[in-house]
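Have a look at the structure below before the remarks.
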Amino acid sequence: MRFGLVRFLSAGGILLALMASKADALTATAQFNVTATVLGNCAVSATDLAFGNYSANSATPLPATSTLSVTCTSGTTYTVALDGGTNKASVTGRAMTDGATHNLNYALYTTNAYTSIWGDGTASTVTQAGTGSGSAQTLTVYGRIPVSQFVTAGSYSDRITVTVTY
């Protein structure tokens, strides 16, 4: 029994010694700031605007649409402009070409009322403005080919550049 008591007291003594040294420990603290600066930023993507088959004999202009997706950091104001295209046309007189010398005229608008030409803000054209939400915002480009363009049969194309300024 005496051996058990000594063992108990020894274990208790070690425990008390550990507790005493822990209670005597001192600490120091510090704090630091964590910072970042979020820059205003935007990204844009676009779907193709495909008119399909065009007939000069049609009594109505041929419509088609494209969808732009603009994603900007929350609170970032932006404007979306469309250029005149790769065929060296102007924003008010866009044209697709058959790769040769033949042109098929078309126009791009901000609404399906076809009253405001979507361009770069020059020559009576308008741009579209918005404020970023951090999520994708969609804009529709409304295209239309006028009637009675008796051009050479074939495949016509153009490429529009979308510019988001923020």
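Note that the structure is a prediction, hence the values are computed from the model and not measured.
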Using 0.5 Å steps for rounding, measure from the [atom1] atom of [X] to the [atom2] atom of [Y].
X	Y	atom1	atom2	result
M96	Y54	CE	OH	9.0 Å
R94	D83	CZ	CG	7.0 Å
T152	L104	OG1	CG	10.5 Å
S55	I145	OG	CD1	11.0 Å
D98	S157	CG	OG	9.0 Å
L68	L82	CG	CG	6.5 Å

Just by modelled atom types, is the [Y] backbone N or O under 3.5 Å from a matching donor or acceptor in the [X] side chain?
X	Y	value
D158	T86	yes
T73	N41	yes
Q149	N105	yes
T131	G75	no
S66	T47	yes

Between [X] and [Y], which heavy-atom pair has the shortest distance, and what is it?
X	Y	answer
R144	P146	O-CD, 3.8 Å
A50	A64	O-CB, 3.6 Å
S69	A136	OG-CB, 3.5 Å
C72	Y78	SG-CD2, 3.5 Å

Spell out, yes or no, whether [X] and [Y] are grouped together once hydrophobic residues are joined by side-chain heavy atoms under 4.5 Å, including indirect joins.
X	Y	value
V162	I117	no
V80	V91	no
F51	V141	yes

- [ ] Hey, could you give me each pair passing ring-ring contact (aromatic ring centres under 6.0 Å, His included) that has a residue in residues 103-133? Not counting sequence neighbours.
- [x] Y109-Y114
- [ ] State, without any angle test, whether D120 and T122 hold a side-chain donor-acceptor pair at a distance under 3.5 Å.
- [x] yes
Task: Donor-acceptor side-chain pairing of Y156 and N103 below 3.5 angstrom - done: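 Not at all, the side chains of Y156 and N103 share no donor-acceptor pair under 3.5 Å.
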Open item on the list: Using the side chain to side chain contact (heavy atoms under 4.5 Å, CB included) definition, which of the options V44, T127, T71, T76 pairs with V164?
Closed with: V44
- [ ] Just do the side-chain contact (heavy atoms from CB on, under 4.5 Å) check on L49 and L108 with the steps written out, would you?
- [x] CA-CA 10 Å; L49 190 148; L108 301 176; 3.9 Å; yes
